[in-house]
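All remarks here apply to the structure that follows.
So you know, we letter chains A, B, ... as the sequences are listed, proteins then strands, and number each from 1.
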Protein chains: 2
Amino acid sequence: MQSREFVGRTREDVRQFNLSIVLRMLHFSGSVTRSQLTSISGLNRSTISDLVSELEELGLATETEGISKTSSGRPSHVVSASDSVVAFAVNPDIDATTVGVVTLGGRVLTKRRILTRLQPSADQAIEIAAKAIQEMRAELKPGTKIAGVGVAIPGQVRLADGVVRLAPHLNWIEAPFGAKLTQLTGLPVSLDNDASLGCRTEFNFGAARGFSDVVYIFGGSGGIGGGAIVNGSQLRGAAGYAGELGHVRIADEKQSDYSGLSGTVEALVRRDDLLEVFRLDSATDEELAAEIDAVRRDKTAKSKPARKLIERQLESMARGIASFVNIFNPQVIVLAGFLSSLFEFDRERVLAEVKANSLDASSEAVLIRSAELGSDLLMIGAAELPFAKLLARPSQFEFAEQKRRVSSS
Amino acid sequence: MQSREFVGRTREDVRQFNLSIVLRMLHFSGSVTRSQLTSISGLNRSTISDLVSELEELGLATETEGISKTSSGRPSHVVSASDSVVAFAVNPDIDATTVGVVTLGGRVLTKRRILTRLQPSADQAIEIAAKAIQEMRAELKPGTKIAGVGVAIPGQVRLADGVVRLAPHLNWIEAPFGAKLTQLTGLPVSLDNDASLGCRTEFNFGAARGFSDVVYIFGGSGGIGGGAIVNGSQLRGAAGYAGELGHVRIADEKQSDYSGLSGTVEALVRRDDLLEVFRLDSATDEELAAEIDAVRRDKTAKSKPARKLIERQLESMARGIASFVNIFNPQVIVLAGFLSSLFEFDRERVLAEVKANSLDASSEAVLIRSAELGSDLLMIGAAELPFAKLLARPSQFEFAEQKRRVSSS
DNA sequence: ATCTATTTGTTGTTTTAGACAACAAATGTG
DNA sequence: CACATTTGTTGTCTAAAACAACAAATAGAT
């Protein structure tokens with residue numbers, strides 16, 4: 001008999017859980033009135049009062065007797081997530097490493113993008129991140145509590161120990177990112193795949209908010225990543241590698257993807273191919289979107305090769321989506337990165353192709369939409385990793401020491 | 001803000017939850033000693049004592065001062081799931097409808113297979129099931145409590161209202177199976193897809209026991225079905241259609257499956273094709289397995305066409321599995337029906353093909369194995385539907401009335 | 001300006017279920 | 001047969017949610 005499943009619950013668990021739901025409401029909505037907390041949770045007024053007091057004492061929430069626009073009656077106190085609880089977010093990528101500070105309320109306080117040479121080694125990225133964190137830490141307001149460091153990795157991450165198994169784009173193999181960054185910063189570090197975090201963030205704050213079953217597909221220069229929300233919780237898999245939707249085979253073609261698999265979505269829907277047809281060396285997602293949109297509007301012969309490529313990619317993408325619809329029966333599919341541009345190129349056609357390649361029942365109610373969150377997505381997503389641990393057991397969470405020591409370097 | 005997620009917990013919830021874990025342990029293991037319950041749950045001895053007493057009073061558990069082989073010390077009481085709590089299980093199929101009675105302890109008390117003409121209508125199947133249930137109900141020991149009726153459907157089921165959306169094999173479309181069977185029997189009826197239930201049962205009692213992330217693929221005469229366990233809970237999707245693993249596209253081929261989709265696993269791995277190459281009109285899984293095994297052993301030229309077909313199917317199956325490995329990163333893949341025979345034909349090759357078509361990290365630890373549970377699989381699986389509701393809130397569950405009335409028909 | 005209805009915050013009390021401690025009961029062992 | 005060990009039982013303790021009563025703060029009506 002497995003033991004994990006059959007662990008009993010005590011009164012302390014109830015308390016932790018209720019503290020957790022209150023803090024989660026604050027985290028996801030910024031600020032909430034006490035009467036809202038009461039009605040949504042279904043708990044008694046006095047219980048909510050008690051819980052909020054405890055969160056205040058823990059330094060996790062602040063209460064203001066602000067204005068709460070209701071019809072009549074005594075106005076309710078507004079409770080907010082404390083701005084003095086923060087997490088560091090790190091996102092190493094091919095040409096730069098981004099580091100930011102995110103508050104428990106979801107605001108990005110600072111963000112720094114540190115350019116590197118192309119394909120930095122893991123050790124280089126770790127040192128850059130550690131340095132930035134140390135500097136930013138010194139600038140924090142006194143009394144600020146640090147929940148930890150969250151890292152979004154463009155590759156496969158073993159969740160158990162924070163080792164980057166493979167990041168083909170960066171050419172990292174078996175890099176113990178988490179352990180080393182912990183060593184350099186003295187802070188607890190959690191890692192996850194960037195697309196998984198993107199999925200989770202769109203689910204928490206963006207286009208997939210309010211749904212319970214979500215498929216997220218992200219297209220970037222490093223390939224196609226994905227994530228899924230299943231019955232309200234993130235798809236992780238045994239070791240954390242789940243959600244590699246780009247590496248699903250959909251055709252016989254020989255062309256292979258960045259991981260060497262052929263006929264996959266990632267092999268057939270390539271950002272580089274689009275750049276090539278537009279004769280661009282590199283482009284931001286906005287620039288690429290503009291090019292694609294220009295093709296959409298221009299119906300003359302001149303844009304034919306580009307149009308054909310876009311349509312071919314769009315069709316491959318739709319085939320992949322159709323399989324995901326059959327597998328997950330999601331309420332919504334969120335497309336991010338340049339996939340969103342492919343979708344906007346011809347929404348009707350994408351929808352039609354998806355329907356044609358999936359079961360009627362599964363596809364009848366599915367929504368397809370573009371991602372909503374922009375450049376702060378990965379900062380907020382990465383910060384969610386340490387915050388998740390805090391949110392799970394608010395009164396037992398131990399913050400990193402805030403005694404700053406003079407760094408020797 | 002979604003409301004469901006943020007509902008607070010009360011002391012009553014704790015009680016229900018603890019009653020639930022105790023009853024679940026009894027359900028999954030048959031019988032357990034009180035000391036085991038204590039150590040596994042982590043609850044206090046006196047609490048377990050109290051919980052067991054309540055379950056006894058509810059008629060859900062029985063306690064015997066039996067022999068518990070421990071080293072020394074006072075022997076512990078053995079607690080078992082009550083045999084007088086049962087559920088009906090129903091499984092309509094193309095040529096017969098099977099109805100059974102299953103105890104909370106997991107024993108199949110009775111099973112009846114009622115032959116029908118080929119492709120019976122839903123109404124016919126419902127009437128057959130209702131009649132069998134009524135007869136079996138009359139034969140139950142007095143005092144037996146009925147948790148409800150669970151139905152395993154070879155097709156897509158809308159979980160919310162128990163409507164069979166599509167069962168291509170049976171040619172059922174939009175059949176309100178649940179409502180009608182409830183009407184005829186007066187019992188609460190729950191439905192689910194047969195492969196989903198198969199998955200769940202292998203997870204609870206069979207080849208996938210003890211894992212948290214499972215992919216299950218079933219091959220039968222009606223096509224290829226599937227199911228998945230994600231982080232310990234069943235993949236359902238928005239409406240309950242998730243897990244249609246057979247309808248995932250893996251190749252360009254034109255050949256289409258029973259639902260009209262082309263190039264899918266179901267289109268390329270067909271039981272009928274195997275029967276044809278063996279010149280069989282029909283065959284049980286055992287007979288088919290024997291044929292396939294004969295080919296395996298016979299290396300002469302004579303069996304060439306069969307061997308080629310088997311190998312082609314095996315390869316397509318492996319391609320599908322590889323995609324599922326990338327998507328779910330499961331600990332184990334369970335193959336059932338004739339897929340298990342394909343696997344046994346050449347385990348090494350299936351494994352090699354899966355590895356070749358999936359990411360190294362995702363596939364490195366994955367196990368592939370054949371299903372363990374035999375003919376009672378769907379009976380136990382279907383019964384799990386009503387039992388699940390009982391297990392979720394033991395002291396609030398309302399059993400069907402046991403006052404038997406003389407049936408008018 | 002005052003009164004009323006309404007809603008919310010606060011405080012003290014009640015209830016419930018798990019934890020704990022002490023003791024009795026039932027086994028194996030030397 | 002004394003002893004150690006484990007388990008069941010019983011009475012008490014404790015923490016946390018519910019509850020009830022009252023005070024406070026608003027909008028709207030007069």
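- Not one side-chain nitrogen or oxygen of B:S76 sits closer than 4.0 Å to the OP1 or OP2 atom of D:dT6.
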Show me, pair by pair, the donor-acceptor contacts under 3.5 angstrom made by side chains of residues 386-395 of chain B, not counting sequence neighbours?
unit_1 : atom_1 : unit_2 : atom_2 : d
B:K389 : NZ     : B:S190 : OG     : 3.0
B:R393 : NH1    : B:Q396 : OE1    : 2.4
B:S395 : OG     : B:Q16  : NE2    : 2.4

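- Here the C1' atom of nucleotide C:dT7 and the NE2 atom of A:H77 are 12 Å apart, to the nearest Å.
- The phosphate of C:dG18 has OP1 or OP2 within less than 4.0 Å of a side-chain N or O from B:R15.
- With sequence neighbours left out, B:S82 forms a side chain to side chain donor-acceptor pair (under 3.5 Å) with B:S84.
- Contacts of A:F328 classified as ring pair (Phe, Tyr, Trp, His ring centres under 6.0 Å), with partners at least two apart in sequence or in another chain: B:F328.
- When distances run from any side-chain atom of A:V14 to the nucleotides D:dA17, D:dT7, C:dT10, the shortest one goes to D:dA17.
- By the side chain to side chain contact (heavy atoms under 4.5 Å, CB included) test, A:L367 pairs with A:F211, A:V332, A:R369, sequence neighbours left out.
- If you measure from atom CD1 of B:I48 to atom C1' of D:dT10, you get 17 Å, rounded to the nearest angstrom.
- The distance from the CG atom of A:L23 to the CG atom of A:L60 is 5.5 Å, given to the nearest 0.5 Å.
- One interatomic measurement links the two molecules: CD of A:E12 to P of D:dT14, which rounds to 14 Å at whole-angstrom precision.
- Remark: A:S49 is in phosphate contact with C:dT10, judged by side-chain N or O atoms under 4.0 Å from OP1 or OP2.
- B:R45 is linked by a side chain to side chain donor-acceptor pair (under 3.5 Å) to nothing, counting only residues two or more places apart in sequence or in another chain.
- The distance from atom CG of A:L37 to atom P of C:dT7 is 18 Å, rounded to the nearest whole Å.
- The side chain to side chain donor-acceptor pair (under 3.5 Å) check on B:S80 picks up nothing, with sequence neighbours excluded.
- Within the 4.0 angstrom heavy-atom criterion, only backbone atoms of the sugar-phosphate kind lie near A:N18; the bases stay farther away.
- Distance B:Q36 CD to D:dT6 P: 15 Å, rounded to the nearest Å.
- Here salt bridge (Lys or Arg N to Asp or Glu O under 4.0 Å) pairs that include residues 19-36 of chain B, with residues two or more places apart or in two chains, are B:R34-B:E63.
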Please list, pair by pair, any protein nitrogen or oxygen found under 3.5 Å from a nitrogen or oxygen in nucleotides 24-27 of chain C.
unit_1 : atom_1 : unit_2 : atom_2 : d
C:dA25 : O4'    : B:R74  : NH1    : 3.4
C:dA26 : N3     : B:R74  : N      : 3.3
C:dT27 : O2     : B:G73  : N      : 3.1

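- If you take CD of B:E54 and P of C:dA17, they are 8 Å apart, rounded to a whole angstrom.
- Looking at B:E54 and B:R15, a side-chain N of the basic residue comes within less than 4.0 Å of a carboxylate O on the acidic one, giving a salt bridge.
- Relative to the axis of its first five pairs, the axis of the last five pairs of the helix from C:dA1-D:dT30 to C:dG30-D:dC1 sits at 0°, rounded to 10 degrees.
- At a threshold of 4.0 Å, the pair A:R236-A:D192 counts as salt-bridged, since one of the basic side-chain nitrogens sits closer than that to a carboxylate oxygen.
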What does the list of N/O pairs under 3.5 Å between the protein and nucleotides 19-22 of chain C look like, with a distance for each?
unit_1 : atom_1 : unit_2 : atom_2 : d
C:dA19 : OP2    : B:N44  : N      : 3.0
C:dA19 : OP2    : B:T47  : OG1    : 3.1
C:dC20 : N4     : B:S46  : OG     : 2.8

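- Listed by chain and residue number, nothing satisfies the side chain to side chain donor-acceptor pair (under 3.5 Å) test with B:N231 (two or more places apart in sequence, or in another chain).
- Distance, B:D13 CG to C:dT16 C1': 13 Å, rounded to whole Å.
- Not counting sequence neighbours, the partners of A:F205 by the side chain to side chain contact (heavy atoms under 4.5 Å, CB included) test are A:H27, A:F28, A:T201, A:L373, A:I380, A:E384.
- One can place CG of A:D50 at 13 Å from P of C:dG12, the figure rounded to the nearest angstrom.
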